[in-house]
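Here the structure comes first, spelled out in structure tokens, and everything after it is commentary.
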2 protein chains.
Amino acid sequence: MGATKTDHFTESQNELAVLAKAIGHPARIAIIEYLLKVDACICGDIVNELPLSQPTVSQHLKELKNAGLIKGSIEGNSICYCINEPGLEKIKGFFEHISAHLAKKKNECC
Amino acid sequence: MGATKTDHFTESQNELAVLAKAIGHPARIAIIEYLLKVDACICGDIVNELPLSQPTVSQHLKELKNAGLIKGSIEGNSICYCINEPGLEKIKGFFEHISAHLAKKKNECC
DNA sequence: ATTTTATATCGTAATATTGCAATATAAAAA
DNA sequence: TTTTTATATTGCAATATTACGATATAAAAT
């Protein structure tokens, strides 16, 4: 089928899945890492940093934006992209939650 | 094309992408959350917890195992699945790294 | 006004993912 | 030994993703 049965899962589970899925591609990780490295909004530089064509990069940027992981604003000729903190905080919270659980675990098996 | 150009990215980026991609489905998040909730290895219960057929659940378990997020050992008739900590720690590290970066950021734009 | 620069969208081909019915496997129970 | 129980694998249809060439858009520079 190819279509995820989102109806049967909680909103939280679906929300996290969308975020994780958006991160689940090396090009999109590279974009996030680059935005962190330059430590600022950047205008028109991302395409040159990636080993992919301009339309493909544009598509990845769109996906990251849709997932709420980055944001972009028009800056004259070009577009200024940067990290969208709330999105990253949300998924980070999930792993902190997991870590807290694991810390309490007695490791009695496996 | 549909095939990710993994060659052009770093090993770390590809590794993280595989982990995030594995988490990027609500059913697989539900599995991880369930394994955390029961706080132990569980033998044969996961299928009943999910709104999906047995073959589909089996496939999701396989993907989580391949990504290194869970592990399973044969326990007589059934199979005992549990969280694989190193996998989760690895992806958690990525978000901690991101958080550290964001904390230093001056928020001078966006 | 024309050209350049930066980015997005469209169309399309190749490949991947999701989901399930049918079937296989293999240990446990009867 | 037959049946039951638990899980995996196969095969397939529906849909999604990835990538890029061609083209569109729109502001900046000439």
Side-chain angles (χ1 to χ4, degrees), chain A residues 1-9 13-14 17-31 34-35 38 41-67 69-82, chain B residues 1-9 13-14 17-31 34-35 38 41-67 69-82:
Chain A
M1 311 220 154
T4 298
K5 284 182 139 189
T6 52
D7 309 6
H8 299 87
F9 299 98
Q13 285 166 343
N14 283 314
V18 166
L19 287 166
K21 199 174 179 181
I23 297 173
H25 191 289
R28 296 194 287 267
I29 288 180
I31 290 171
Y34 182 65
L35 287 174
V38 297
C41 295
I42 59 156
C43 305
D45 218 5
I46 300 178
V47 171
N48 304 317
E49 291 293 323
L50 293 186
L52 295 168
S53 74
Q54 181 270 320
T56 303
V57 172
S58 182
Q59 197 175 282
H60 283 305
L61 286 167
K62 193 179 175 186
E63 274 170 70
L64 285 171
K65 212 164 97 183
N66 286 343
L69 289 164
I70 67 172
K71 52 188 172 178
S73 53
I74 297 168
E75 203 74 33
N77 198 16
S78 60
I79 292 189
C80 189
Y81 280 110
C82 64
Chain B
M1 313 219 155
T4 299
K5 285 181 137 190
T6 52
D7 308 7
H8 300 87
F9 300 97
Q13 286 166 343
N14 283 314
V18 166
L19 287 166
K21 198 173 181 183
I23 296 173
H25 190 290
R28 295 194 288 267
I29 288 181
I31 290 170
Y34 182 64
L35 287 174
V38 298
C41 296
I42 58 156
C43 305
D45 220 3
I46 299 178
V47 172
N48 304 318
E49 291 293 321
L50 294 185
L52 296 168
S53 73
Q54 181 269 320
T56 303
V57 172
S58 182
Q59 197 177 280
H60 284 307
L61 287 167
K62 193 179 173 184
E63 275 170 68
L64 285 171
K65 211 165 99 181
N66 286 343
L69 289 165
I70 66 171
K71 53 188 170 175
S73 53
I74 297 168
E75 203 74 33
N77 198 16
S78 59
I79 291 188
C80 189
Y81 280 110
C82 62

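Note on naming: letters A, B, ... go to the chains in the order of the sequence lines (proteins, then strands), and numbering restarts at 1 for each one. Just so it is clear, the structure is predicted and the values come from calculations on it, not from any experiment.
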Exercise for the section: Ignoring backbone atoms, establish whether A:Tyr81 has a side-chain N or O less than 4.0 Å from OP1 or OP2 of C:dA8. Expected result: yes

Problem - Considering all heavy atoms, the nearest B:Ile29-A:Gln13 contact - result: CD1-O, 3.5 Å

Practice task
By nearest nucleotide on DNA chain D, pick out whichever of A:Gly24 and A:Gln54 is the more 5' one.
Solution key: A:Gly24

Problem - Test item: A:Leu50 and A:His60 side chains (from C-beta on) under 4.5 Å apart, heavy atoms - result: no

Exercise for the section: Can you see which heavy atom on A:Asn14 is nearest to which on A:Phe9, and at what distance? Expected result: ND2-O, 3.5 Å

Practice task
Return the 5'-most residue of the pair B:Ser53, A:Val47 with respect to DNA chain C, ranking by each residue's nearest nucleotide.
Solution key: A:Val47

Problem - Separation of D:dT5 P from B:Asp45 CG (nearest whole Å) - result: 15 Å

Exercise for the section: Look at the side-chain N and O atoms of A:Ser58 and state whether any lies under 4.0 Å from the OP1 or OP2 oxygen of C:dA8. Expected result: yes

Handout entry: Below 4.0 Å: OP1/OP2 of D:dT9 and any side-chain N or O of B:Lys62
Key = yes

Practice task
Select base, sugar-phosphate, or nothing to describe what A:Thr4 touches, counting heavy atoms under 4.0 Å on all strands.
Solution key: sugar-phosphate

Completion exercise
Closest non-hydrogen contact found for A:Arg28 with A:Lys21 is NH2-O, 3.4 Å

Practice task
Using atom CZ of B:Arg28 as one end and atom P of C:dT18 as the other, report the distance to the nearest whole Å.
Solution key: 4 Å

Practice task
Nearest whole angstrom, please: distance from the C1' of D:dC20 to the CG of A:Leu61.
Solution key: 16 Å

Fill in the blank from the handout: To the nearest angstrom, the NZ-P distance between B:Lys21 and D:dT18 comes to 6 Å

Practice task
For B:Thr56, answer base if it contacts any base atom (sugar-phosphate contacts may also be present), sugar-phosphate if it contacts only those atoms, and nothing otherwise; contact means non-hydrogen atoms under 4.0 Å.
Solution key: base

Fill in the blank from the handout: The nucleotide from C:dT18, D:dC20, D:dT7 with an atom nearest the side chain of B:Lys5 is D:dC20

Exercise for the section: Evaluate the side-chain proximity of A:Gln54 to A:Ser58: yes if any heavy-atom separation is below 4.5 Å, no if none is. Expected result: yes

Fill in the blank from the handout: To the nearest angstrom, the CG-C1' distance between B:Asn77 and D:dT4 comes to 9 Å

Handout entry: Touch class at under 4.0 angstrom, heavy-atom based, for A:Lys65 against every strand present
Key = nothing

Exercise for the section: Please state how far atom CG in A:Asn66 lies from atom C1' in C:dA8, giving the value in whole angstrom units. Expected result: 13 Å

Practice task
Take the protein atom CD1 of A:Ile74 and the nucleotide atom C1' of D:dT25, then report the distance between them rounded to whole Å.
Solution key: 11 Å

Practice task
Assign each of B:Gln59 and A:Pro55 to its nearest nucleotide of DNA chain D by heavy atoms, then name whichever residue's nucleotide is nearer the 5' end.
Solution key: B:Gln59

Exercise for the section: Give one of base, sugar-phosphate or nothing for B:Leu52, where a contact means two heavy atoms less than 4.0 Å apart. Expected result: sugar-phosphate

Problem - Spacing between B:His25 atom NE2 and C:dA16 atom P, to the nearest angstrom - result: 18 Å

Practice task
Taking only the side-chain nitrogens and oxygens of B:His60, find out if one of them lies under 4.0 Å from OP1 or OP2 of C:dT17.
Solution key: no

